[in-house]
Every structure is written in C-alpha cells, then in structure tokens.
Amino acid sequence: MKFNISSFAAILATVALFSSCSEGQYWDEPNQNDIYAFPKPAVTINIKAGETIEPYDVVITRNNADAEETINLYSYFSDNDAFSAPASVTFAAGETSTIFTININTDVMAVNVPYTAQLATPSFETITKADSLIIPEGKTNPIYPNGIAPSQTNCKFTLTVRLNYTWKLLGWVDYTDDYVSTFFEVPTMTYRVPIEVPVEEAGKGLYRLVNAYGQYYPFNEPGDWDPSVTSYLEINAQNPDRVYIPTCEQATDWGEGNFICSSLAYYYLSNGVSADKIAGAGYFGTLENGLITFPAGTLLFGMAGFNGGGLYDSNINGAFCVDLNSISDQE
C-alpha cells in the first residue's frame, strides 16, 4: 500500500534540519599540474569484537613518472590512539604510485563505535568551497582549516573501522512506531517484531529490532521492502537515562528511497557534542520500567531519495515505544 506524504512532512521538506552525510560535489576547475589521488577514496572495515586487524595499505598515485618525489600527507584521526600513519610518502623515480600503511590499534576501540582515519594530499593550488571533515567540538580541522578543499577528485582517503558485536535472538517484542506515522498519513501502530541482543557482556543494554519496517510493518505490502536484506533498528540503552538510536537505513521504500531512522541525541553525539549538553537539552530517550521511550520530536526520520536524504523531526506524538516487558517466544 502506498501513502502520500503528509502535509506536515511536505512543509518540512523546505526546512530540513539535517542534510545527508554524503560527500560534497566539486564543480569543474582547471586541472592542476601535479595531481595526487587515492584510487580507492574510502574503505570501511567491520570486524567482530575481540578480533584483531592487520595494518591497512593505502595506494596513492601521481600523474607523472618523473624523478623520486616525497610529498606530505595531512591527517585527521577521530581517536589518535586508534590510528597512526606516516606524515609523508615517497614516489620512486619512474613510478606513478606508491603505498603507505595505516596502523590500527583495536585495543583502544569501543565496540559498535565507528573510528575514522582521514588523509589528504597537498594539492591546494586550485580550491573550491566543499564539504570537509566532521570535526568534534573543540577540535580544529588540520586538513582544511579555512573550510575549503581541493577540487581534484579523490584527494582524500577515509578509513572507517568498526568492531561489531555477535547478536542473538532474544524473542519477540511489542514495538510502537512513531517514525513513519509522523511523516506519512498513517496512524501510530503497535506490532510484534524480533528483538536481538549482543552475546558479549560488554554489549549489555544494546537492542536491535529486526526488519521492523519490513514484513512485520502492518502498512507494508509486497514490493514495499527488499526481502533479501535484513534491516535493523538499533537502540543503545546502556545508560538507561541516556538512550539513543544510531542512524539505521531500512530496506523499505515507499517511492522516495529507503527509510532512514535516527535520533537527535545520536546526531549530536556523532558531531562531538558532549553527552551532558545533549542531556541538558532533553534529547536522550530513557529505559524505565521496561519501556524504551523518547521525548516527542527527538527522533529523526528521512528517506534516501527525498530532499537529499535529509532527516526531519519525528516521534511528534511521543508514541515511540519498545516494551521490553512484552518479550516472549510468541510472535
């Protein structure tokens, strides 16, 4: 069944609070004489908690095969203890590419948290305004301090490492949606979905709902979701007074791209705002008496193909709820 976007959401379309996190687009500029680039500009590595990872080799190229040349690299690490990389690389005479290594220290990494290493080439002769790094509060951007970036393609390499828990099925739970209901003309609805928890003790307080907007969502019809993809709505309730939902894409498309679910608390956490400030603003949810809830308007919802994948206030009715008291083997 297809539903029209509500008039409320249509108004929001002109005032999206949060834009997509995709890379900015560069317009055409004259070619630079010396171009250094990363053939593979981004890599994401997921490993299980407790596993180790080998150092990662990065290929960088130049547009000539002249004499030996050493260039500086500009780097930013989300955690300086998690990564290390050389400050420069050397191209051998007659070679158009070389390799440098990023060392990765998983011992300091928390599970279920993305860690990012970003490196850039020194090609700044031609510059344009463009998206750069997301810099945590209180830190400066060592690569593009003036908010500008070189126009050449693949001038920046991003390595993201994430340790993942091993999940197990806990049973079925009553879930009340107030994501879709505040964006489309559909009522809030409570229904049963599978719920999983991590096997590892360190993951206590984490929950994820399985295909909550797939075959279990009452307003879906075949074709509204991709049955070949398992989607999760993850909830971090490790601190019951500071619950948040990381951004999770759902394999459900009502005509404007896959659903995207998140929370205001996570948005600000991922941008370096302190948890105390977020708590003071009232953006966290709570786990109390077995109920996971959020204040009205503190969840975020969007669709990948709608207005650039921007996220909008959701849970307007304050009805979102995961009733952990209802967990059982019964579907």
Side-chain angles (χ1 to χ4, degrees), residues 6 8-9 12 15-18 21 112-113 170 172-198 203-213 216-219 231-250 252 258-303 309-327:
S6 68
F8 169 77
L12 283 178
V15 290
L17 296 180
F18 306 100
C21 294
N112 228 36
V113 175
L170 192 61
W172 294 74
V173 69
D174 286 343
Y175 170 55
T176 303
D177 162 67
D178 203 6
Y179 274 117
V180 182
S181 59
T182 53
F183 205 86
F184 289 88
E185 296 175 340
V186 297
T188 59
M189 177 66 69
T190 300
Y191 53 103
R192 301 281 284 174
V193 298
I195 184 171
E196 296 181 343
V197 294
K204 185 176 181 180
L206 295 178
Y207 304 90
R208 67 182 187 185
L209 309 182
V210 183
N211 291 330
Y213 293 100
Y216 307 114
Y217 187 55
F219 295 113
S231 298
Y232 302 101
L233 182 66
E234 188 172 315
I235 303 168
N236 188 314
Q238 292 185 304
N239 182 337
D241 295 321
R242 296 183 175 185
V243 180
Y244 61 90
I245 297 176
T247 301
C248 308
E249 183 169 324
Q250 310 296 308
T252 303
N258 284 352
F259 291 177
I260 304 171
C261 301
S262 190
S263 66
L264 270 174
Y266 177 76
Y267 173 83
Y268 287 115
L269 283 172
S270 62
N271 281 279
V273 179
S274 72
D276 287 342
K277 287 185 178 180
I278 297 169
Y283 293 153
F284 283 113
T286 59
L287 169 53
E288 187 175 359
N289 297 322
L291 303 178
I292 297 175
T293 60
F294 285 83
T298 62
L299 296 182
L300 298 174
F301 180 81
M303 293 170 287
L311 297 176
Y312 302 83
D313 288 350
S314 192
N315 195 40
I316 300 301
N317 304 298
F320 176 98
C321 181
V322 178
D323 184 359
L324 300 180
N325 304 304
S326 70
I327 295 175

Closest heavy-atom contact between [X] and [Y]?
| X | Y | answer |
| --- | --- | --- |
| Tyr216 | Arg192 | CB-O, 3.8 Å |
| Ser181 | Asn317 | OG-ND2, 4.2 Å |
| Tyr312 | Gly310 | CE1-O, 3.2 Å |
| Ile316 | Ala296 | O-CB, 3.5 Å |
| Phe294 | Ile292 | CE1-CG2, 4.2 Å |
| Leu287 | Ala237 | CD2-CB, 4.1 Å |

[atom1]/[X] to [atom2]/[Y] distance, rounded to the nearest 0.5 angstrom?
| X | Y | atom1 | atom2 | answer |
| --- | --- | --- | --- | --- |
| Leu264 | Leu299 | CG | CG | 8.0 Å |
| Leu269 | Ser263 | CG | OG | 7.5 Å |
| Thr176 | Asp323 | OG1 | CG | 8.0 Å |
| Leu209 | Ser231 | CG | OG | 11.5 Å |
| Glu249 | Ser262 | CD | OG | 12.0 Å |

Using atom types as modelled and distance alone, determine if a side-chain donor or acceptor of [X] lies under 3.5 Å from a backbone N or O of [Y].
| X | Y | result |
| --- | --- | --- |
| Gln250 | Tyr232 | yes |
| Asp178 | Gly318 | yes |
| Ser314 | Phe301 | no |
| Ser326 | Asp174 | yes |

Does some side-chain heavy atom of [Y] sit less than 4.5 Å from a side-chain heavy atom of [X]?
| X | Y | result |
| --- | --- | --- |
| Tyr179 | Leu233 | yes |
| Val193 | Val173 | yes |
| Leu300 | Thr247 | no |
| Val180 | Phe259 | yes |

Checklist line | Tyr175 ring center within less than 6.0 Å of Phe320 ring center | finding: yes
Check: Ring centroid separation for Tyr268 and Tyr283, is it under 6.0 angstrom?
Finding: yes
Checklist line | Flag for Tyr191-Asp177: side-chain donor and acceptor within less than 3.5 Å | finding: no
Could you pull out every donor-acceptor pair under 3.5 Å between side chains of residues 239-246 and any protein atom, sequence neighbours left out?
residue	atom	partner	partner atom	Å
Asn239	OD1	Asp241	N	3.0
Arg242	NH1	Asp276	OD1	3.1
Arg242	NH2	Asp276	OD1	2.8
Tyr244	OH	Asn236	ND2	3.0

